[in-house]
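Okay, so here's the structure we're looking at.
In what follows, chains are A, B, ... by sequence order, proteins preceding strands, each numbered from 1.
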Amino acid sequence: MNVYIDTFINGILIGLIYGLAAMGLALIWGVLKVINLSHGAFITLGMFLSYLIFKYFHIPPYISVFFTLIIGFILGFLAYFISLHKIVSHAKNFKEYELSSLLSTFSLSLIITGFLLFIFATTPMAINLPLSLFETKLLASFFSIIFTIALTLFLYKTYMGKAIRAVSQNIDAAKLMGVNTTLILAISFAIGISLAMAAGNLIAMVFPFSTLSGILYELKSFVICVLGGLGNPVGTIVGGIILGLLENFFGLFVNQGLVPFIEFTILILLLIFKPNGLFGGSK
Amino acid sequence: MKKNLFSLLLALGIIFYFILTPMILNSPILRESSFTTLMYIALAISLNILMGFTGYVSFGHVVFFGIGGYITFALLYYYKISLFLALILAGIFAALIAALLGSVVLNLRGAYFAIATIGINEAIKSLVNNLEFLGGAEGLFFNMKIYKSYGGPQNALWLSFYLLGIITIVVLIISYLIKHSKFGLGLFAIREDEDAASTLGVNTKLFKTIAFMISAFFPAVVGGIFFFKNGSIDPGSAFSLTKSVEMIFMVMLGGIGTILGPVLGAITYDKIKETLLVSEAFKNLHLTISGIILLLIVLFVPEGIIGFLRRKIKVLKNILD
Amino acid sequence: MPSILKVENLSKKFGGLLALNNVSFEVKEKEILGIIGPNGAGKSTLFKCITSIYKPSSGKVYFKEFDVTNYPTYKKVKMGMAITHQIVKPLKELSVLENVMVGACYGKANLSIKEAREKALEVLDFVGLYDKKDLEAGKLNVPQKKRLEMARALASDPELIFLDEVLAGLNPAEVSKMLDVILKIREKGITILMIEHLMHAIMKVSDRIIVLDHGQKIAEGPPQKVAKNEKVIEAYLGDPKLALKLLKEK
Amino acid sequence: MKKYLSIALALSFAFFGCLDKKEEKGNKQSISETKAKTASKDFIVIGYTESKTGKFATESREQSQGLKLWAEDVNKNGGIYVKALGKKLKVKLISYDDESLKDRVQQLYTRLITEDKADFLISPYSSGLTASAAVVSEQYGKVLIATGAASDKIFKKGYELVYQIYTPASRYLKDAIDLLKEKHPDVIKIAIIYENSNFAKSVATAAKKYAEEKGFKVVVFESYDPGTSDFTTLINKIKEKGAQALIGGGHFTDGQAIAKQVNDVKLPLKMLCILVAPAIDKFKEIGKAALYVSGPSQWEPKVDYSPKTYPEKFYGISSKEFVEKYKKIYAKDPSYHAAGGYAAGLVLQKAIEDSGSLETSKVKNALDNMDIYTLFGHIKFEKAPYHGRQEGHKMVIVQWQEKQNKLDKEIVYPKEASTSNYIPYNKKF
């Protein structure tokens, strides 16, 4: 097959997976205005959950993902009240907790990573299904699309989703309209974490991983959020696809080792010129 | 006026304590642990000039530590110039890079600035990873001969320690002078409300950039000393994101925007970590435990040690800064 | 009298919306020029364009004969403009004194930090905030914050001061206190350009008034004359008679 | 103002004086203790740092396990006989966590030397950390046995007391290229891809040079970022350039991913030789994709290094014995990191016995003249300009083959160690 077609297809698939990984971060960033620095740690947690379920119960990741979604939701809910509630509820506006939320979510990531390191060290792990890489990528991409559709429907069609969007646009107005903002924030965070862990769960079946893999997806997720904006899941997926394509096509022409340099340079340029994402308005 | 001087003197006293005890006891083990402590103090004070005075939280500040380390290392490695000159050049170069980067990223506010600085750190790390003359991913290694011109490795280690001590004192004094200067007042105005500051006549862009440059200069020099002492440098240890966040923590822990705060914060953080690292009971889980401690600090003492003391003990309210 | 500020055909577009449309006027030295107009008339936009908080889409601004259109805000302040904000912007965690010192340090006064302290104390006394000098600015109440805005502007030794609705949100007693301060400022020889929503108050102190509506200047002249201008009254309420009635109730 | 100055200074000294008093006391105590100790020394103290956290945690843990096994063995036999003291001394290991970071390596090694009074040092895992530790060990005149560090660069530094156990990076893939030349004289175009990290880069650079000397044409020579898990683009590139053999890799995860993805696209390579990953047992998790993948290894549980193979100069237990002991305790096959850890201890033991002393200069002398065979293979150190670099030890090349429908790791090179014959990679397609 033509190298370019190959690269293109792979770029799209990888992009969908990246988008999946970024979705949770984008949701939390968008609604709570918190840049969740524990995102990567939760992705890793999802990967290990997936691995353990596969190892001990022989349930493949594409099924265990539903279980992980539930566990992730519960953990996320708890994590919100442990690390963020105090900070968020005491602040008058999100600017006041911008810094402390970065720090508290970072502590959360230290706690999780420290724990995982204690048990698993940095031993590389892999889930080996009787599927080719291409097939697992297809499977993960499929889930990525499903999650995007589900999350979009949830946000735009359900009462809860509308409340979340209302809170993300104007928390004070939402409060006045009688929305229980604390609950909404907690649920949004829980969904974000749940998505992060589900992404980890699925990625574990595609690529090998270790305790420290999550941070790579976290950094990529920053780029994606900035590319796709924070508004809606579709934007995130598109951001992911752009990144996937960029990575793959750059990789064809320049040394692969330089790809992160290009990625982060794009991140900085975008932040400067298009802080609301490629599709958002200007500053 | 007097109250501020008290904090400065207290901070100076603490720093001198860390410089003098290893010296008087001629104890290498104390020197090594003091080296780490002083390094953290200097880094925390430098970051505080940007973060505490100007309100811009750089999550990738370690990039200047790395840049300084690489410049010093490369200058000594290729040109064999003197360490002092190399350190100063490293600081100046880092400040220039800060001016260049600052002119664009300092237009971003809050979390966007934070993310951009992470991006800068990662981009530069990746770039250095691919630069052959800087050793790429392998990094550069000194020949022991380099230390010979400083009186052998033994003396070189002491020299690095004294240099670091001097830099720590210098950065503390500079931070004090800035805080109580007209320039510092301008920075504080920017921290509180950038738009208001500019309508009061503060050239916000210039001020921010200068603050960024100063807070880049010192980490670069510290990085230079650190990697000189280490004898080798590689991108992973030069541009470690964890150290960046540690710097922020130290400032927060001590008290953001204060003179004494970063000093106390750095020492406390360092001691907690050192204790956890060598303690039998905790060393396996020290990452988790430091996470828990840090979380507790963020949640319950967000104003830091200084703020806490000022709030709790009336007498200290007007003395501590 | 020579003019200190000259605005020529200033326009500002926000996207497709024309917020300011070819506004021109002059301010003479030592006069109080009031700018009025209904909500959304472009008053604040006009201020912000003159002071470079917004970049005007077209037109020119001259300050003391210099073309300062593209000067950044801080430079204009250094030349002798001083700005207050409609929505108060105290430097919350700094003390009241420090707030005012910023003005003294960086405005036209350009004082050293030591001189600035003295100047600030003097100004705080002038606006009646002396006893609050060590309080955190964020802890002041609204009228005090408004006076703080004034104090910061005054401390910079301005030649021209922009007052953006400094009377809004004050009760009658506070309004009259504030008007006293404004008149005292004029006595110091400082030119005042003020936006106000409360018409009767501005009528009382202004030498001349400019009326904006939908981004355009619709009237200019002494207060009494402007008040009777039907176009103005219509712009304000759509009902000239009701407006007139309101105007007469002082 | 003077009052303030004095108060401030006094306060700070008092405060921190209290904090550190305990430490100082401990310090003084240990000084007096050691004075007593030299007369009646009971232990040989060996210090090292282990990366319990951070990116080297796994490898470092295994290395440390090997070392601990050695210490146990020694102590079971009553210790090491030190002629100068006329008795056997037991070994005491002291270690701290270096977090896989340079930050504290020097601090901890100084602590090991000055506070814990370590007589000898073993390196941390990885070349970068070893380089930092070496500065300190040289400064205090302590012997540092470097295991888990394959870099050549450390030994360009003019160190006198650092000794390397591993085959250095410059020779890592040499044998693989020799093997390729021998088995496939027709192959000309080869591809080298490597992880952009300290170790892999040294290996790849040296391999490229050697391959070109041997007449190969390196058509792809590219790095990829650590953590890369998708190699589709690189493989496309290799396909396009028509390379007939692929060598490279870096760490386990990427190596495994490369093997899997090359297999997925059925790239008909004559040889697929990957660093690190094939040598590790977990590699077989990828099933058929592992078949016929080869890779260099420092050591293998299957190698037969025993007094039988090297009757003249063999020292310590045989590799078989080591594997059994290790399995009994840790319930799995030892990796080469573990064997390297054990060997590091063994080398030190031999040097102490040979010199009959704990003095650095005498032990150094013994190390300089060492030429032994151990469970890890041949150990012999270079003289200047690369003083201390390993020159005796040889890599083995392993290949995953199928025996009775089960994947098995066989040694295919060098001939004297081999357990099976080499099979071209593309035979499976």
For this session: Check whether more than 12 heavy atoms from other residues, nucleotides or ligands sit under 6.0 Å from atom CZ of C:F14, and answer yes or no.
Result: yes

Interface check, chain B: of C:L111, C:T84, C:N99, most non-hydrogen pairs under 4.5 Å belong to C:L111

ask   = Going by heavy atoms in the side chains, are B:D195 and C:I53 under 4.5 Å from each other?
value = no

When every non-hydrogen atom of B:S198 is compared with those of C:V77, the smallest separation belongs to O-CG2, 4.1 Å

In this structure, NE2 of C:H85 is separated from OG1 of B:T199 (nearest 0.5 Å) by 3.0 Å

Inset, instruction - Please check if atom CD1 in C:I87 has more than 12 non-hydrogen atoms from other residues, nucleotides or ligands closer than 6.0 Å. - result: no

- Message: Could you check whether any side-chain N or O of C:E93 sits under 3.5 Å from a backbone N or O of B:E192, counting only pairs where one atom can act as donor and the other as acceptor?
- Response: no

Cut-off 4.5 Å, heavy atoms of chain B, and the answer for C:S156 is neither

Practice task
Check whether more than 12 heavy atoms from other residues, nucleotides or ligands sit under 6.0 Å from atom NZ of B:K205, and answer yes or no.
Solution key: no

Note: C:L91 and B:A196 closest approach over all heavy atoms is CD2-CB, 4.1 Å

Tell me if the CZ atom of B:F183 is crowded by more than 12 foreign heavy atoms within 6.0 Å.
yes

For C:V102 and B:A189 the tightest heavy-atom approach is CG1-CB, 3.9 Å

So, the part of C:M81 with a heavy atom under 4.5 Å from chain B: the answer is neither

Taken to the nearest 0.5 Å, the spacing of B:R191 CZ from C:L94 CG works out to 6.5 Å

What do you reckon, is CZ of B:F308 surrounded by more than 12 foreign heavy atoms closer than 6.0 Å?
no

**Asked** Within the side chain of C:Y106, is there an N or O that forms a donor-acceptor pair under 3.5 Å with the backbone of B:K182?
**Response** yes

